[in-house]
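Here the structure is laid out as structure tokens; the discussion comes afterwards.
Note: hydrogens, waters and symmetry copies are ignored here, and every other heavy atom, side chains too, is used. Note on naming: letters A, B, ... go to the chains in the order of the sequence lines (proteins, then strands), and numbering restarts at 1 for each one.
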Amino acid sequence: MNSLNIKQLLDDLISQAMRHAGIDEPIAQIRQSQKPEFGHYQANGMMAAAKKAGSAPRMLAQRVVDMLDGHSEFDFEIAGPGFINIRLTAQFIERNMTDFQLHESPATRADTRTVVIDYSAPNLAKEMHIGHLRSTVIGDTAARVLEFCNHRVVRANHVGDWGAQFGSLLAYLDQITVPGEEISSKLVDLEKFYQSASKLFRVDQNFAAKAREYVVKLQRKDSRCHKLWEKFIAISLDHCQTVYHKLNISLTQADVKAESAYNDDLPVIVEQLQGRGLLTESDGAQCVFLDEFKGQNERPLPAIVRKSDGGYPYLATDLAAARYRSQIINADEVLYFVGASQQLHLRQVFAVASAAGFTKPQQIFRHLPFGLILKADGKPFKTRDGADVKLIDVLDEATRRAFTLINEKNSSMPEQQQLAVAEVVGIGAIKYAELSKNRTTDYIFDWDSMLSFEGNTAPYLQYAYTRIRSLFRKRPTQENSPVNRMTLTEDQEILLAIRVLQFTEAIDAYLEDYQANILCQYLYELASSFMKFYEHCPVLSEAQDIQDSRLHLAKVTAHILQTGLSLLGIQTVEQM
RNA sequence: GCGCUGGUAGCUCAGUUGGAUAGAGCACCUGGCUACGAACCAGGGGGUCGGGGGUUCGAAUCCCUCCCAGCGCACCA
């Protein structure tokens, strides 16, 4: 992949010129221009710099432009109060497009970092529901992009496989299973099973007592109980893998590091906190009090690491996980793709882990929050009342709707192929709907908007890709032939070529805050630029040199569309 | 009460960290398939950027204040 970054290039160029013009710490403020009359890029930093130096902005801009006289690949123009508008020449674009290498390593980052990504993390007591979509899809994109940039990525699926709720599940499982019967048959619908068990827990006191007994048994590693638990977990994990596979998520069972995996560390964590003098007993619980945390009425807010009944809350587990990621994995950075409601909790985890020396100061622990998914009436999906929409059902519905559409648009396609395309299109639409808005706020789940296949959606990008592939089905010999020289004359092809060359910029912008919508926006603009080019610039009917040039442009566009979509975990097809 | 988010077109959302006349998609209206694929393209209408004040050459963006919504604030995860 081409590692040209135009914005960076211009930043270096303008900053240098500003320095020569007498500005000490130049900030060029290079932006992509919003309007064609302002050029392709603009430097906005002259006004601020002139103010600081006590000179007139337009005069400074003029001095800077004078310094750049030798650069024939850009046109500079001073506008308004002191903007420098920058136009890329066709020569610059053609040269870089000709040199564009499809199969080079990306290497947008020279330094390779180890990044742990904590995402998905379903509770194995129940089936994955719509609420898991955000963490899973957003986190998976981060993993793919960081790997694409040659970082070492450790996927951490911190699944919930421990706690009191497993008491009633195991007690119920034990109660309804006939000896010798395969228990997996009882768990085909994990959701219903969970509901039945928790209902029984509420209405039947004998059962509730038994459930509590099972919790203790499980903690003591009672062998029969533990085996039952292991089977339950294995089946539940299989459910997850089925969902991951359908959703094209890169998580495997090897990425699972469950809560229970830290069980043996929990007493050690408390011991070490004790050794550091951080522990205080309060109402029978072992707590860490840090000054920065205040609760209601300004009362000190504890981070409880051991409950008064001797049990360990999830904060203890998260501390153990943080320590493991710091000391064993030796992470440079740990990203938590976890809901916004966990913000205080994670701040406590990071602060306590740091105070206790479980993590090192130079290691970056970051929470990347997101909001809840609401029903159409604005009420949240509750976890206990069974109102959750199963994730697998959402995926099947998406595929079903996509099939209906394809069948209508392209009925001559063999049915087997239609089904395969429907998977790719339906799943792509769901994921893109998530990724294209990376807001930290709640949002309303709506079938129709989520499964729309028009406008700024994954199918639009996939469709652009198939249109390009269609060109090469008509010119198969052009597919692998290099271009000697690009000839770009029409606005539409110049704008498309610029978009192509901005891919690295989009990746860099994404990595600032892991906001996938930036990547989506880029890909949408790329596809949109292609559609305009395709409408306006004939390809196959043109003379050979123009045809070669345009086919090369189309080829590179297709490659970036496919690469970009793959970073979002979205697939492409040859025809749809 | 305190803290964290957020409030932008009828709806869903962008807005590159203070830049030029606030942008997309959906929906609505008009035009374009005998045409490299119409899941598309060209064009149109639609805004008190929650209200008010302030900072400055310049504010959706920064500061203050108020209103509204969501989430969180001691032993469920």
Side-chain angles (χ1 to χ4, degrees), chain A residues 7 29-35 37-38 42 44-45 47-48 50-51 57 79-83 85 123 125 160 162-165 259 282-287 293-309 311 313-315 317-318 339-345 347 369 371-372 374 378 380 383 405-406 408-410 425 433 436-437 439-444 446 448-450 452-457 459-460 462-464 466-471 473-475 505 509 512 517-518 520-521 524-525 528 531-532 534-542 550 554 575-576:
Chain A
K7 188 173 173 179
Q29 292 190 47
I30 306 295
R31 304 286 131 82
Q32 290 176 22
S33 296
Q34 300 300 325
K35 295 176 191 299
E37 60 266 34
F38 299 150
Q42 60 190 64
N44 296 342
M47 281 87 81
K51 187 177 184 178
F83 298 103
N85 291 338
N123 185 338
W162 204 250
Q165 57 198 320
E259 286 180 340
S282 174
D283 292 344
Q286 296 298 321
C287 309
F293 297 104
K294 299 271 189 249
Q296 296 195 33
N297 307 320
E298 292 297 297
R299 283 167 62 201
L301 183 71
I304 297 176
V305 294
R306 198 174 68 194
K307 300 187 286 180
S308 52
D309 67 1
Y314 77 139
L315 189 134
T317 311
D318 280 337
S341 63
Q342 298 302 313
Q343 200 218 38
L344 177 60
H345 166 71
R347 272 182 53 217
L372 295 171
L374 308 175
T383 42
L405 182 73
I406 291 154
E408 181 178 291
K409 300 257 183 199
N410 209 343
V425 170
S436 59
K437 44 179 170 239
R439 310 208 80 204
T440 53
T441 48
D442 301 342
Y443 81 97
I444 292 171
D446 172 59
D448 291 329
S449 66
M450 188 169 264
S452 158
F453 300 125
E454 285 177 355
N456 187 3
T457 62
Y460 179 87
Q462 290 164 327
Y463 179 61
T466 64
R467 284 180 121 183
I468 300 174
R469 297 306 303 158
S470 169
L471 284 175
R473 271 195 299 280
K474 296 198 162 68
R475 289 290 187 280
E505 256 172 76
E512 298 262 324
N517 64 306
I518 290 179
C520 291
Q521 186 64 29
Y524 177 70
E525 277 164 8
S528 173
M531 294 291 195
K532 288 168 190 171
Y534 188 85
E535 295 283 336
H536 187 264
C537 303
V539 177
L540 303 180
S541 59
E542 293 293 299
R550 289 182 178 170
Q575 297 176 56
M576 61 190 268

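Nucleotides B:G6 and B:C62, compared at atom P, are 9 Å apart to the nearest Å. Rounded to whole Å, the separation between the C1' atoms of B:G23 and B:U61 comes to 15 Å. Spacing between B:C40 and B:C4 at atom C1', rounded to whole Å, works out to 44 Å. Using atom C1' as the reference point in both B:C2 and B:G45, the two lie 47 Å apart (nearest Å).
Residue A:K474 contributes atom NZ, which lies 11 Å from atom C1' of B:A35 at whole-angstrom precision. A:E525 places its CD atom 13 Å from the P atom of B:G23, with the value rounded to the nearest Å. One atom, CG of A:L344, and another, C1' of B:U5, lie 14 Å apart when rounded to the nearest Å. Here B:A39 presents its C1' atom at 10 Å from CD1 of A:I406, a figure rounded to the nearest Å. One atom, OH of A:Y460, and another, C1' of B:A38, lie 12 Å apart when rounded to the nearest Å. In this structure, CZ of A:R347 is placed 13 Å from P of B:C73, rounded to the nearest angstrom.
Nucleic acid contact class of A:Y314 (heavy atoms, under 4.0 Å, all strands): base. Residue A:L405 is in base contact, counting any heavy-atom pair closer than 4.0 Å across all strands shown. Nucleic acid contact for A:S308: base, since at least one base atom lies under 4.0 Å from a heavy atom of the residue. A:A285 comes within contact range of at least one nucleobase, with a heavy-atom separation under 4.0 Å. No engagement by A:T457 is indicated, since no non-hydrogen atom pair under 4.0 Å with the nucleic acid exists. Using a 4.0 Å heavy-atom cutoff across all strands shown, A:Q32 reaches at least one base atom of the nucleic acid. In this structure, A:A79 reaches the bases: a heavy-atom distance under 4.0 Å links it to at least one base atom across the strands shown. At a threshold of 4.0 angstrom between heavy atoms, the contacts of A:E505 with the nucleic acid are absent. Residue contacts for A:F293: at a heavy-atom cut-off of 4.0 Å it reaches no nucleic acid atom on any strand shown.
The base of B:A20 has none of its N or O atoms less than 3.5 Å from a complementary donor or acceptor on the side chain of A:S33. Side-chain to base pairing of A:Q296 with B:A74: no donor and acceptor N or O lie closer than 3.5 Å to each other. One cannot find a donor-acceptor pair under 3.5 Å joining the base of B:A24 and the side-chain atoms of A:N517.
Checking B:A24, B:A39, B:G37 against the side-chain heavy atoms of A:Y524 singles out B:A24 as nearest. Counting only heavy atoms from C-beta on, A:E454 has its side chain closest to B:A27 among B:C57, B:A27, B:G32. In this structure, of B:C71, B:G37, B:C36, it is B:C71 that holds the atom nearest to the side chain of A:L372. Counting only heavy atoms from C-beta on, A:N44 has its side chain closest to B:G19 among B:G25, B:G23, B:G19. For A:P313, the listed nucleotide lying nearest its side chain is B:A77; candidates were B:A77, B:A39, B:A74.
Proximity of A:R475 to the phosphate of B:C36: no side-chain N or O atom is located under 4.0 Å from OP1 or OP2. Here A:K51 reaches the OP1 or OP2 of B:C57: one of its side-chain N or O atoms lies under 4.0 Å away. Dashed line: the shortest gap from a side-chain N or O of A:K437 to OP1 or OP2 of B:G25 is not under 4.0 Å. In this model, the phosphate group of B:G37 is approached by a side-chain N or O of A:S470 to a distance below 4.0 Å at OP1 or OP2. Regarding contacts with the backbone of B:A39, a side-chain N or O of A:K409 is found under 4.0 angstrom from either OP1 or OP2. Applying the 4.0 Å criterion to OP1 and OP2 of B:A77, one finds that A:K307 has a side-chain N or O inside that range.
Using a 90° window around 0 for the glycosidic torsion, B:U12 falls outside it and is classed as anti.
Remark: ring of A:Y463 does not overlap the six-membered base ring of B:C40 in a stacked fashion, as centroids less than 5.5 Å apart with planes less than 30° apart are not both met. Stacking between A:F83 and B:G19 is absent: the aromatic ring centre is not both under 5.5 angstrom from the base six-membered ring centre and within 30 degrees in plane angle.
Proximity of a side-chain donor or acceptor of A:N123 to a complementary backbone N or O of A:A125 within less than 3.5 Å is detected. When atom types are taken as modelled, the side chain of A:S541 and the backbone of A:P538 share no donor-acceptor pair closer than 3.5 angstrom. Counting only distance, with no hydrogens or angles, the side chain of A:E259 and the backbone of A:T317 share no donor-acceptor pair below 3.5 Å.
If A:G284 and A:N85 are placed on RNA chain B by their nearest nucleotide, the residue sitting closer to the 5' end is A:N85. The nearest heavy atom of RNA chain B to A:P81 and to A:A340 marks one nucleotide each, and the one closer to the 5' end goes with A:P81.
Ring geometry, A:H345 versus A:Y314: the interplanar angle falls under 30°, so the pair is classed parallel (tilted spans 30 to 60°).
Between A:S33 and A:Q42, the side chains place a donor N or O and an acceptor N or O closer than 3.5 Å (distance only, hydrogens not considered).
Between A:F83 and A:F38, the gap from one ring centroid to the other reaches at least 6.0 Å.
The two residues A:Q29 and A:A48 make their nearest non-hydrogen contact at NE2-CB, 4.4 Å. Taking both residues in full, the closest heavy atoms of A:L540 and A:R475 are given as O-NH2, 3.3 Å, listed atom of the first, atom of the second, then distance.
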